[in-house]
K.L.:
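First the structure, then my questions, so here it is.
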Protein chains: 2
Amino acid sequence: MNDAQSRASETSFPRSACPVTNTLDIIGDKWTLLVIRDLLLGKHLYGEMMQSPEGIASNILSNRLQRLEQAGLIVKRPYQSNPVRYEYHLTAKGQDLQPVLQAIVAWARRHVPGVVVFPEVKQDERNEDG
Amino acid sequence: MNDAQSRASETSFPRSACPVTNTLDIIGDKWTLLVIRDLLLGKHLYGEMMQSPEGIASNILSNRLQRLEQAGLIVKRPYQSNPVRYEYHLTAKGQDLQPVLQAIVAWARRHVPGVVVFPEVKQDERNEDG
DNA sequence: CTACTCGCTTGCATATTGCAAGTTATTGTC
DNA sequence: GACAATAACTTGCAATATGCAAGCGAGTAG
């Protein structure tokens, strides 16, 4: 075990007690924040998210929805039976990532030429506790 | 080519014109923002970043520094010769990610119990154009 | 019956990550 | 002057994650 790792293991966190690190352990990849973006934009069904322009693979979407549910950022609830099908909603914890998304959008508008911002985020979403 | 992909290819962007997507294509992984965090905290040398508590692997650090330089978020400049060694500094483009980091820290303080925020970010860094 | 849709799951090839050891150039120690 | 140490990487390789396409179960529509 090296110095950096032994320092990290002094805490109960997998990598370190840093807030950035622990947030990245949840949202630190190329797809998770796009799922959250879609949910903030009012998409709640698997098929709706599949249709987003990035073309997420179905196994990746499935995996990210599971991880987000486990992390308490979204809840999954049935919207029909026979066959039972689910819709996904952000919890308060998930919705609180909106400022992160907004900061990212602000950065991209300044520094990545040609990006097109999606329609305004809905403000009428209901909070769910997860 | 599916619907989502054909829609994406209507633009010159690899995945879509969404600002979130294009930012994630630069910083969307578990390590890149930690490197930027270290640079904001005043670490400028390879060895200093290696000592951060997360224990980044040396090949990953090397790779991320290269990618960040290519993306224009950092500049590499020699601080000695024989042997030549480099220090890394954020450009204005890189420093502008600070609000994203701050939003992440704010989220983690609200939602991830036990995290410990690092010392204040230095405000006396020089901007470099890259 | 047959075709079709939705919401996934599975198989498999490829790409990325993580760990450890090696390399290069130079300094400091005996 | 030989030898250990240091900084900044690079390389090799096993383990993990991703991307693509096809398959599947439970219905509905014609």
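Chain letters run A, B, ... following the sequence lines, proteins first and then strands; every chain starts at 1.
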K.L.:
Nearest nucleotide by nearest heavy atom, which residue falls closer to the 5' end of DNA chain D, A57(A) or Y86(B)?
P.N.:
Y86(B)
K.L.:
Given atom CG of N63(B) and atom C1' of dA8(D), what is their separation to the nearest angstrom?
P.N.:
15 Å
K.L.:
Do E69(A) side-chain atoms and L65(A) backbone N/O form a donor-acceptor pair below 3.5 Å?
P.N.:
no
K.L.:
Tell me the interatomic distance from L34(A), atom CG, to dT18(D), atom C1', rounded to whole angstroms.
P.N.:
15 Å
K.L.:
How would nucleotides 22-30 of chain D be written as a contact map, 5' to 3', with B for base contact, S for sugar-phosphate-only contact and - for no contact, using protein heavy atoms under 4.0 Å?
P.N.:
---BBS---
K.L.:
If I take atom NZ in residue K30(A) and atom P in nucleotide dT18(D), what distance separates them, rounded to the nearest angstrom?
P.N.:
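Going from K30(A) (NZ) to dT18(D) (P), I get 11 Å.
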K.L.:
Can we say R37(A) and E54(A) salt-bridge, meaning some charged N sits less than 4.0 Å from an Asp/Glu carboxylate O?
P.N.:
yes
K.L.:
Using a 3.5 Å distance criterion without hydrogens, assess whether the side chain of T23(B) forms a donor-acceptor pair with backbone atoms of P19(B).
P.N.:
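Yes, T23(B) side chain to P19(B) backbone: donor-acceptor pair under 3.5 Å.
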K.L.:
For the pair made of CD1 in I56(B) and C1' in dA8(D), what is the distance, rounded to whole Å?
P.N.:
14 Å
K.L.:
Atom CE of M50(A) and atom P of dC8(C): how far apart are they, to the nearest Å?
P.N.:
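Result: 11 Å.
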K.L.:
Can a side chain N or O of R15(A) be found less than 4.0 Å away from OP1 or OP2 on dG18(C)?
P.N.:
no
K.L.:
Counting only side-chain nitrogens and oxygens, does R64(B) get under 4.0 Å of the OP1 or OP2 atom of dT17(C)?
P.N.:
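Yes, because at least one side-chain N or O of R64(B) sits under 4.0 Å from OP1 or OP2 of dT17(C).
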K.L.:
Whole angstroms only, please: what is the CZ-P distance between R67(A) and dA17(D)?
P.N.:
8 Å
K.L.:
Between Y79(A) and dG7(C), does any side-chain N or O lie under 4.0 Å from OP1 or OP2?
P.N.:
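Affirmative; the distance criterion is met.
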K.L.:
Are R15(B) and W31(A) in a cation-pi contact, defined as NZ or CZ under 6.0 Å from the six-membered ring centre and within 45° of the axis?
P.N.:
yes
K.L.:
Within 45 degrees of the ring normal and closer than 6.0 Å to the centroid, is that where the cationic atom of K76(B) sits relative to Y86(B)?
P.N.:
yes
K.L.:
Check whether any side-chain N or O of Q80(A) sits under 3.5 Å from a backbone N or O of P83(A) as a donor-acceptor pair, and report yes or no.
P.N.:
yes
K.L.:
Would one find a side-chain N or O of Y88(A) under 4.0 angstrom from OP1 or OP2 of dG7(C)?
P.N.:
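For dG7(C), neither OP1 nor OP2 has a side-chain N or O of Y88(A) closer than 4.0 Å.
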K.L.:
Under 4.0 Å from OP1 or OP2 of dG18(C): is there any side-chain N or O of W31(B) that close?
P.N.:
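Yes.
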K.L.:
Starting from C1' on dA17(D), measure out to CG on D29(B) and report it in whole angstrom.
P.N.:
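Taking CG of D29(B) and C1' of dA17(D), I get 13 Å after rounding.
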K.L.:
I'd like to know whether K30(A) forms a salt bridge (charged side-chain N to carboxylate O under 4.0 Å, His left out) with D29(B), so could you lay out the CA-CA distance, the side-chain angles of the two residues, the decisive distance to 0.1 Å, and finally the verdict.
P.N.:
CA-CA 7 Å; K30(A) 289 204 189 313; D29(B) 71 276; 5.8 Å; no
K.L.:
Just how far, in rounded Å, is P of dC6(C) from CE of M49(A)?
P.N.:
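Answer to the nearest Å: 15 Å.
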K.L.:
Does dT5(C) have its OP1 or OP2 closer than 4.0 Å to a side-chain nitrogen or oxygen of Y46(A)?
P.N.:
no
